[in-house]
Protein chains: 4
Amino acid sequence: MNSPETPTCAPPRRARRKQARPGELLDAALSLFVEKGFAATRVEEVAARAGVSKGTLFLYFPSKQALFKAVVHENAGRHLREALGEVAGYTGSSAELLREFLRRWWTQYGSTPAAGLCKLIMGEAANFPDLARDYQEQVVQPSHELLRRVLQRGIDRGEFRPVDVALTVPLIIAPLLQLVLWQQWPADCMPAPPIDPQALLAQHTDMLLHGLRPEAARP
Amino acid sequence: MNSPETPTCAPPRRARRKQARPGELLDAALSLFVEKGFAATRVEEVAARAGVSKGTLFLYFPSKQALFKAVVHENAGRHLREALGEVAGYTGSSAELLREFLRRWWTQYGSTPAAGLCKLIMGEAANFPDLARDYQEQVVQPSHELLRRVLQRGIDRGEFRPVDVALTVPLIIAPLLQLVLWQQWPADCMPAPPIDPQALLAQHTDMLLHGLRPEAARP
Amino acid sequence: MNSPETPTCAPPRRARRKQARPGELLDAALSLFVEKGFAATRVEEVAARAGVSKGTLFLYFPSKQALFKAVVHENAGRHLREALGEVAGYTGSSAELLREFLRRWWTQYGSTPAAGLCKLIMGEAANFPDLARDYQEQVVQPSHELLRRVLQRGIDRGEFRPVDVALTVPLIIAPLLQLVLWQQWPADCMPAPPIDPQALLAQHTDMLLHGLRPEAARP
Amino acid sequence: MNSPETPTCAPPRRARRKQARPGELLDAALSLFVEKGFAATRVEEVAARAGVSKGTLFLYFPSKQALFKAVVHENAGRHLREALGEVAGYTGSSAELLREFLRRWWTQYGSTPAAGLCKLIMGEAANFPDLARDYQEQVVQPSHELLRRVLQRGIDRGEFRPVDVALTVPLIIAPLLQLVLWQQWPADCMPAPPIDPQALLAQHTDMLLHGLRPEAARP
DNA sequence: TATGAATGAGACTTCATTCAT
DNA sequence: TATGAATGAAGTCTCATTCAT
């Protein structure tokens with residue numbers, strides 16, 4: 001029943017490459033912007049890393065600023081929403097819910113290239129205020145809101161001791177963000193043993209759950 | 001009653017300004033570099049903010065890069081070492097020692113302009129690897145080392161439960177660094193109620209001490 | 001009768017220009033450097049004289065200094081070696097050989113734009129010592145060596161009276177160099193009748209051959 | 001009979017230094033301009049070599065160009081006129097007169113710092129056409145005129161063979177000028193044995209007198 | 001008169017962007 | 001669509017000149 005115009009399988013190679021161009025450029029731009037910053041990255045480098053010429057880049061993005069905004073919008077929000085959306089309907093213990101949040105945050109966001117945005121946005125917020133606002137709305141606030149609900153649920157169910165939720169959320173987030181930034185740091189400038197993300201997250205979880213344990217729950 | 005022949009001590013105006021110039025330029029450069037990044041900051045802006053002309057800047061720093069390095073070396077290490085040095089000979093409880101560490105870190109470093117370096121170095125590490133290394137050695141490692149000793153002391157004296165010290169130190173530092181970064185974020189891109197540093201630090205301390213409380217100590 | 005499908009051989013216009021660019025820029029640079037000196041020549045002038053914009057020059061030469069060095073290496077040696085190389089295998093009289101040397105020196109070197117290097121190198125030797133050394137080795141010494149052999153041949157064959165060859169060579173060269181320098185002098189600063197190069201060279205030849213005539217040969 | 005206001009001997013040291021300032025500056029400027037060219041010489045270097053500060057230079061010369069013109073006018077003409085003036089009333093043989101001319105030209109002009117002007121004017125003629133004209137009138141033409149008279153005298157008295165005087169004069173001058181230029185060349189760019197001025201001038205004289213010897217005079 | 005800090009016009013150089021091919 | 005040569009605005013840096021001391 002498939003018409004010949006709609007083959008289910010892969011399109012011919014050339015066409016696929018053409019389709020992929022913007023994505024390859026966005027990937028190249030993301031990694032370079034994260035590495036060197038917006039201003040210090042030359043469009044020619046981006047084009048070269050994507051395997052095209054400088055002129056071609058401008059066929060897909062009208063300016064360097066537009067490329068930057070596309071990079072942010074492409075990577076912001078989507079990954080994180082996908083990663084955390086499913087946490088919403090959880091039914092188990094709040095401790096396990098918090099564990100799951102941290103686990104997903106890392107596997108589906110913090111360890112992906114999209115995490116580079118944390119550093120990028122941080123450095124360029126003052127130069128691109130509208131982007132910074134978008135990022136706040138699409139990434140920061142949703143994840144904070146989600147964490148707030150997780151904490152509140154635990155407190156309400158007596159699984160966590162009562163704490164100031166609005167203040168505790170940033171304390172949970174901070175090591176996650178910092179972990180991402182530490183990962184971006186150039187390897188040859190780091191002290192001898194690099195941080196093991198899994199171990200750090202485990203320790204973070206452990207400290208959090210100890211810190212949140214209700215007084216009454218202690219033997 | 002001062003006769004005009006006895007000017008108390010003021011040096012001639014020009015000379016006094018000359019003394020002050022490098023410092024004024026470094027302050028201006030620090031704030032602008034932190035705000036906009038190294039590449040996006042023009043030397044003319046730095047000069048203007050310091051109240052001098054473009055050419056004057058080059059009387060004191062041979063290049064924009066040299067200015068940047070001077071900014072980092074001027075602000076790195078010194079403040080932090082002064083702030084934390086006195087913690088070393090502490091004799092009270094380890095909980096109070098940890099509290100003191102966090103308090104000093106904020107009042108004498110995190111709340112000063114020098115804290116902007118955290119963001120700056122983060123963004124420019126890849127472009128100035130030698131500076132990044134210096135910063136690691138002069139700022140990051142000393143403060144980590146100090147915290148390691150504080151934790152170990154608490155564990156040894158039975159005041160803290162045994163934890164992996166090497167992993168816990170970054171967890172204590174992360175919210176401090178992140179707090180600084182959040183403060184740098186342009187005000188008009190932030191959600192409604194800005195974070196109160198004092199409150200956040202208090203909550204951080206509380207969570208930490210709960211998280212470190214020995215099992216045996218619980219009633 | 002050419003069909004539009006068979007364009008004879010012209011490469012696309014852009015490409016042909018690209019081929020020609022370095023040469024055009026070197027020619028423009030040579031004439032301007034000779035005219036005004038290295039420091040007083042602006043790269044924008046060079047580009048304008050070559051019919052391109054400032055930026056284009058930097059596509060072909062990484063800096064003004066590199067342009068200068070390319071100008072010297074492009075013009076030094078090659079012309080002169082080509083011009084004088086064929087004198088080597090000469091079989092006629094030494095007087096005629098000397099005549100031929102002076103004739104060629106002028107037609108194939110002294111009267112070409114490359115002769116401007118004499119003045120240029122003279123003025124910039126202290127600022128570009130390595131170039132000055134190259135010029136000594138590639139231009140000055142070879143032509144001196146050649147002249148030495150011509151003189152020695154004449155003396156050995158009894159056609160010239162014995163003279164100190166090492167001292168006489170510079171005396172033969174000096175008027176040639178000076179002639180070139182006089183030609184470079186701006187026309188409106190010269191006294192009424194400008195020097196006629198051909199006549200001056202003829203007189204130089206005449207004086208030289210009289211000066212070298214053996215005593216014995218006189219009637 | 002000397003009033004106390006007009007002491008014949010040297011004035012007090014400070015005053016003499018003040019008097020000498022412009023001269024010291026002119027000497028410093030001459031040597032630096034000759035060495036590096038006008039544009040590549042910084043006024044600060046000139047001041048430093050004269051032992052004063054940059055500002056002081058501008059008390060004596062209103063601009064860098066004015067300094068350059070003063071350098072030229074100070075050194076042009078005067079030395080040469082003094083050196084050659086006395087040749088005018090000569091009564092001996094024309095050969096001896098020519099010898100005397102060459103001897104004086106070297107000892108009283110070519111070997112003095114003022115000779116650097118030859119190179120300087122050569123390089124800057126296009127940038128300072130009015131100075132080039134002055135130099136032509138005050139230096140070049142007078143010495144050419146003088147040589148013309150020497151040659152004509154020799155021919156008229158039958159001591160020299162008849163030659164084209166206007167063409168021969170430059171041939172006599174050329175080695176003198178070239179000798180000066182060779183002396184200016186930085187030492188470390190020269191071939192092994194440097195030219196001995198005295199020997200070269202002797203050879204030049206010898207070649208000239210041989211070249212000018214009348215046919216009739218030969219045995 | 002002498003100083004040297006300060007200035008700002010102008011030079012070299014980079015690089016985002018355009019456009020003929 | 002893709003290229004890469006060409007452009008020129010904008011940035012860094014120099015240095016002749018000024019001026020308060």
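So that the names make sense, note that chain A is the first sequence line, chain B the second, and so on, each numbered from 1.
- Across all strands, B/Phe61 comes closer than 4.0 Å to no nucleic acid atom at all (heavy-atom distances).
- Spacing between atom CG of D/Leu25 and atom P of E/dT1 amounts to 13 Å, rounded to whole angstrom units.
- Within the structure, a side-chain polar atom (N or O) of D/Thr56 is placed less than 4.0 Å from OP1 or OP2 of E/dT3.
- Taking the nucleotide of DNA chain E with the nearest heavy atom to each of C/Glu44 and A/Glu44, the more 5' of the two is matched to C/Glu44.
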Quiz prompt | Step-by-step salt bridge (Lys or Arg N to Asp or Glu O under 4.0 Å) determination, A/Glu44 to A/Arg49 | solution = CA-CA 9 Å; A/Glu44 197 160 16; A/Arg49 187 170 290 194; over 6 Å; no
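- Between A/Tyr60 and the phosphate of F/dA2, there is a side-chain N or O to OP1/OP2 separation shorter than 4.0 Å.
- Ring-plane geometry between C/Phe33 and C/Phe38 is classed as tilted, the angle between the planes lying from 30 to 60 degrees on a 0 to 90 degree scale.
- Counting only distance, with no hydrogens or angles, the side chain of C/Lys36 and the backbone of D/Glu124 share no donor-acceptor pair below 3.5 Å.
- Using a 4.0 Å cut-off on heavy atoms, none of the residues of residues 27-43 of chain D approach DNA chain E.
- For the pair D/Phe58 CZ and E/dG4 C1', the interatomic distance rounds to 13 Å; values are reported in whole Å.
- Of the candidates F/dC13, E/dT17, E/dT7, the closest approach to any side-chain atom of B/Leu59 belongs to E/dT7.
- Contact of the A/Ser31 side chain with the A/Val34 side chain is not registered, since no non-hydrogen atoms from C-beta on lie closer than 4.5 Å.
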Practice problem: Decide salt bridge (Lys or Arg N to Asp or Glu O under 4.0 Å) for C/Lys69 and C/Asp130; before the verdict, give the C-alpha distance in whole Å, the side-chain angles of both, and the deciding distance to 0.1 Å. | Solution: CA-CA 10 Å; C/Lys69 294 185 176 182; C/Asp130 50 342; 3.4 Å; yes
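- In this structure a side-chain-to-backbone donor-acceptor pair under 3.5 Å is missing from D/Thr56 to D/Val52.
- B/Lys64 has its NZ atom 8 Å from the C1' atom of F/dT12, to the nearest Å.
- Residue contacts for B/Lys54: at a heavy-atom cut-off of 4.0 Å it reaches a base atom on one of the strands shown.
- The distance between atom CG of B/Leu57 and atom P of F/dT12, rounded to the nearest whole Å, is 10 Å.
- Spacing between atom CD of C/Gln65 and atom C1' of E/dT13 amounts to 14 Å, rounded to whole angstrom units.
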